[in-house]
Amino acid sequence: PAAASLDDTYAQIAQLGAATGNVDQADELIDDMQSRIDAIVAESGDVGAGLSFYHEVESTFYSADSTTFIGQVYSLLGLRNIADGDESESFGFPQLNAEFIIESNPDLVFVPCGNFCTTTSADVEARPGWDAIAAVQNGNVIEMDEDISSRWGPRIVDYLDAVATAVAEVEVPVGG
């Protein structure tokens with residue numbers, strides 16, 4: 001099954017290494033991923049501390065909470081996930097509604113975009129009522145590579161780096 005956490009990701013890489021006779025290479029890859037993640041987090045400092053976000057999996061408001069591998073990536077940067085406020089039994093991927101998202105007023109909105117981009121930042125900004133959201137008001141609706149945001153393998157490090165870079169570049173007014 002799909003990895004549900006970063007630890008699951010490492011375990012699956014180790015299993016693949018064992019199954020293919022590449023244990024040493026798998027261990028090296030895991031060590032490299034962990035080192036790169038540690039370096040990105042250390043370099044980023046508290047860049048995301050105090051900021052809330054909404055990660056849109058797709059345009060019907062499915063999101064990913066902090067129990068998922070993608071949610072854990074954001075947590076590494078100190079970001080607070082609004083999807084964690086959903087109490088439905090969603091196995092980590094709740095379907096939120098527009099009212100909940102608007103009321104949660106995230107500082108940042110991340111939308112997957114790339115080869116099959118179905119939602120752009122302009123689409124998000126044009127949604128009825130979303131102009132009340134801090135992320136929209138401040139131009140912090142961020143298009144992210146959909147290919148790496150949905151992969152739980154080695155590219156998750158690339159996604160963490162992209163999120164850290166995006167968060168470092170956003171402008172959030174003091175106190176908001």
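Numbers here are sequence positions counted from 1. All values below were derived from every heavy atom in this structure, side-chain atoms included, with hydrogens, water molecules and symmetry-related copies excluded.
The shortest side-chain heavy-atom distance between Asn140 and Asp107 does not fall under the 4.5 Å cut-off. Using a 4.5 Å heavy-atom cutoff, the side chains of Val163 and Leu79 are in contact. The shortest side-chain heavy-atom distance between Asp8 and Ser5 falls under the 4.5 Å cut-off. By the 4.5 Å heavy-atom criterion applied to side chains, Val170 and Asn138 are not counted as neighbours.
Taken together through direct or relayed side-chain contacts under 4.5 Å among Ile, Leu, Val, Met, Phe, Trp and Tyr, Val167 and Val157 form part of one hydrophobic cluster. Two different hydrophobic clusters hold Phe69 and Tyr54 under the rule that ILVMFWY side chains link at heavy-atom gaps under 4.5 Å. Val109 is not connected to Met144 by any chain of hydrophobic side-chain contacts under 4.5 Å among Ile, Leu, Val, Met, Phe, Trp and Tyr, and they are in different clusters. Phe110 and Leu51 fall within a single hydrophobic cluster, where Ile, Leu, Val, Met, Phe, Trp and Tyr side chains are chained together by heavy-atom contacts under 4.5 Å. Leu96 and Val124 end up in the same hydrophobic cluster when Ile, Leu, Val, Met, Phe, Trp and Tyr side chains are linked at under 4.5 Å.
For the atom pair Ile133 CD1 and Ile82 CD1, the distance stands at 7.5 Å (nearest 0.5 Å). One finds the CD atom of Gln12 at 10.5 Å from the CD1 atom of Ile30 (value rounded to the nearest 0.5 Å). In this structure, the separation between CD1 on Ile102 and CG on Asp131 is 8.0 Å, given to the nearest 0.5 Å. With rounding to the nearest 0.5 angstrom, the CD1 atom of Ile70 is 9.0 Å from the CG atom of Leu6. Atom CG of Leu76 sits about 9.0 Å away from atom CG of Asp38, to the nearest 0.5 Å. With values rounded to the nearest 0.5 angstrom, Tyr10 atom OH is found 13.0 Å from Asp27 atom CG.
Annotation: salt bridge (charged side-chain N to carboxylate O under 4.0 Å, His left out) contacts involving residues 45-56, sequence neighbours excluded, comprise Glu56-Arg127. Listed by first and then second residue, the side chain to side chain donor-acceptor pair (under 3.5 Å) pairs involving residues 94-103 are Tyr62-Gln95 (not counting sequence neighbours). Applying the ring pair (Phe, Tyr, Trp, His ring centres under 6.0 Å) definition to pairs two or more places apart or across chains, those involving residues 119-144 are Phe61-Trp130. Sequence neighbours left out, not one pair with a member in residues 60-85 passes salt bridge (charged side-chain N to carboxylate O under 4.0 Å, His left out). The ring pair (Phe, Tyr, Trp, His ring centres under 6.0 Å) analysis of residues 81-101, with sequence neighbours excluded, yields no pairs.
Nearest heavy atoms, Ile40 versus Ala164: CG2-CB, 3.9 Å. Among all heavy-atom pairs drawn from Gly17 and Ala26, the shortest one is CA-CB, 3.7 Å.
Under the side-chain contact (heavy atoms from CB on, under 4.5 Å) criterion, Ser75 pairs with Ser66, sequence neighbours left out. The side-chain contact (heavy atoms from CB on, under 4.5 Å) test applied to Gln25 returns Asn22, not counting sequence neighbours. Residues satisfying the side chain to side chain donor-acceptor pair (under 3.5 Å) test with Gln34, not counting sequence neighbours, are none. Under the ring pair (Phe, Tyr, Trp, His ring centres under 6.0 Å) criterion, Phe53 pairs with Tyr74, not counting sequence neighbours. The side-chain contact (heavy atoms from CB on, under 4.5 Å) search around Asp123 returns Thr119, Thr120, not counting sequence neighbours. Legend: residues meeting salt bridge (Lys or Arg N to Asp or Glu O under 4.0 Å) with Asp158, ordered by chain and number and at least two apart, are Arg36. Partners of Leu29 according to the side-chain contact (heavy atoms from CB on, under 4.5 Å) rule, which considers only residues two or more places apart in sequence or in another chain, are Ile13, Met33, Pro154.
Here the side chain of Ser63 pairs no donor or acceptor atom with the backbone of Pro94 at under 3.5 angstrom. Glu125 places no side-chain N or O within 3.5 Å of a backbone atom of Val136 that could act as its donor or acceptor partner.
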